[in-house]
Amino acid sequence: MTMKKTLTIAGSDTSGGAGIQADLKTFQEHGTYGMTALTVVVTMDPDNNWSHNVYSLPIEVLKAQIKTALSTGIDAIKTGMLSTEEVIKTAGEAIAESGLDHVVIDPVMVCKGDDEVLNPGTVDAMVKYLLPKAEIVTPNLFEAGQLAGMKTPSTIEQMKSVAEKLHSLGARNVVIKGGKQLHHDKAADLFYDGKTFTLLEAEKTDTHYNHGAGCTFAAAITANLANGFTVKEAVIEAKEFVSAAIANGWKLNEYVGPVMHGAKSRVGAPVITETEM
Ligand SMILES: Nc1ncnc2c1ncn2[C@@H]1O[C@H](COP(=O)(O)OP(=O)(O)O)[C@@H](O)[C@H]1O
Ligand SMILES: Cc1ncc(COP(=O)(O)O)c(C=O)c1O
């Protein structure tokens with residue numbers, strides 16, 4: 001049996017909901033063979049209100065992982081938490097050398113709830129090294145504004161302008177996640193392929209148990225592209241997948257509630273509506 005191979009270049013979330021853990025669970029649910037190149041390891045301190053510590057791996061270790069994985073003939077790549085400009089440059093150069101088309105850039109800048117960029121120099125590096133390689137970029141509202149050098153969009157009209165800017169910076173497709181943050185009665189994401197805007201809407205779940213939603217969404221897109229979906233089909237299935245995962249999010253402890261990555265196949269997924277704008 002042959003399987004499509006998917007690689008995530010991202011951080012390890014020890015608590016298991018986000019990062020490479022979310023990516024691998026999602027790849028598995030989509031029937032692809034997941035491989036990893038770790039950038040950082042994130043731990044949480046149970047003695048200090050679950051505060052996060054980020055441990056970077058040496059750049060040679062990242063390069064060796066990417067080399068290992070690419071030598072096997074990867075079908076699609078996703079990037080997640082990339083901690084420094086050097087890490088972003090390394091990922092961008094490796095993607096360029098791979099010659100792969102199926103490249104999903106999830107421009108993780110902050111963990112949920114924060115609105116400060118972890119390391120400001122990384123935004124320029126993402127624009128320079130990653131956006132021009134992206135078959136699709138998957139920012140939330142804050143990340144979209146930062147990458148575009150525009151204010152954080154808060155309406156669908158503003159999301160359209162920001163999506164056009166991100167496309168002009170080299171991303172062949174853009175999906176801006178309105179999610180829970182956008183003032184809209186549904187969980188709405190705006191997809192732009194350079195020609196048409198499509199608003200994708202799902203029921204909003206009233207929950208705090210959404211840790212890992214962004215990673216899960218981008219990983220599902222990656223697996224779907226590896227499996228031969230068009231970009232739009234990949235995004236729509238990923239939205240079904242993540243909506244089900246959020247609707248079935250659960251409490252790990254008093255600090256964090258991860259999504260349930262395997263919910264779609266076990267519980268079913270909600271209907272996504274598509275509206276051309
Ligand atoms: N409360 C919610 N109910 C339903 N879907 C949601 C909810 N919050 C986010 N989503 C969806 O989950 C996906 C990931 O978005 P989000 O969690 O906002 O990303 P990030 O983790 O990058 O901030 C998007 O498709 C978004 O619309
Ligand atoms: C390693 C890692 N990657 C990515 C994220 C972003 O997670 P989310 O998918 O909830 O935006 C986190 C958040 O804790 C993380 O620890």
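Indexing begins at 1, ligand by ligand and atom by atom, following the structure's order.
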- Task: Report yes or no: does H167 contribute a side-chain atom to a donor-acceptor pair with the main-chain N or O of A163 at less than 3.5 Å?
- Result: no
- Message: Does either side chain, that of S51 or that of N48, offer a donor lying less than 3.5 Å from an acceptor on the other one?
- Response: yes
- Using a strict cut-off of 4.0 Å, indicate which atoms of ligand 1 neighbour a heavy atom of K239. 25 (O), 27 (O)
- Assess the side chains of E85 and T122: does a donor N or O sit below 3.5 Å from an acceptor N or O? no
- Message: Any heavy atom of I246 closer to ligand 1 than 4.0 angstrom?
- Response: yes
- Message: I want to confirm something. Looking only at heavy atoms, which of D106, L200, T205 is nearest to atom 2 (C) of ligand 1?
- Response: T205
- Message: Test your reading of the structure: does D189 have an N or O sitting under 3.5 Å from an N or O of ligand 1?
- Response: yes
- Message: As a check for students: among A188, A244, G179, identify the option with a heavy atom nearest to atom 9 (C) of ligand 1.
- Response: G179
- Part of A22 within contact of ligand 2 (heavy atoms, under 4.0 Å): neither
- Task: Give the atoms of ligand 2, by number and element, whose distance to some non-hydrogen atom of A213 is under 4.0 Å.
- Result: 9 (O), 10 (O)
- Message: Closer than 4.0 Å to some heavy atom of K180 - which atoms of ligand 1 meet that?
- Response: 1 (N), 8 (N), 9 (C)
- Going by the order shown, which atoms of ligand 2 are within less than 4.0 Å of some heavy atom of D13? 1 (C), 16 (O)
- Numbering the atoms of ligand 1 from 1, which are under 4.0 Å from a heavy atom of K204? 3 (N), 4 (C)
- Is there any N or O on N140 that sits under 3.5 Å from an N or O of ligand 1? yes
- Item | Short N or O distance, A213 and ligand 1, threshold 3.5 Å exclusive | no
- Query: Is G212 near ligand 2, meaning one of its heavy atoms is under 4.0 Å from it?
  - Reply: yes
- Query: Do you see a donor-acceptor pair shorter than 3.5 Å between the side chains of T90 and E86?
  - Reply: no
- Message: Any donor-acceptor pair under 3.5 Å linking the side-chain atoms of N224 with those of E237?
- Response: yes
- Check: N210 side chain, A213 main-chain N or O, donor-acceptor pair, under 3.5 Å: no
- Message: Is there a polar contact between ligand 1 and S243, counting only N or O atoms under 3.5 Å apart?
- Response: no
- Item | Atoms in ligand 2 flagged as close to A18, the criterion being non-hydrogen separation under 4.0 Å | 5 (C), 7 (O), 12 (C)
- Winner among G214, G11, C215, P258 once heavy atoms are compared against atom 1 (C) of ligand 2: G11
- If you measure only the distance, is there a donor-acceptor pair under 3.5 Å linking the side chains of D13 and H211? yes
- Message: Give me the atom names and distance for the closest heavy-atom approach of E135 to L225.
- Response: OE1-CD1, 3.5 Å
- Task: Please determine, by modelled atom types, if Q28 and H261 share a side-chain donor-acceptor pair under 3.5 angstrom.
- Result: no
- Item | Interfacing atoms of ligand 2 (cut-off 4.0 Å, heavy-atom, H211) | 10 (O), 13 (C), 14 (O)
- Message: Quick one: does any side-chain atom of S98 pair with a main-chain N or O of L100 as donor and acceptor, under 3.5 Å?
- Response: yes
- Give a yes-or-no answer on whether the side chains of S265 and E29 include a donor-acceptor pair shorter than 3.5 Å. yes
- Message: In this structure, does ligand 1 have an atom that sits under 4.0 Å from one of the heavy atoms of Q181?
- Response: no
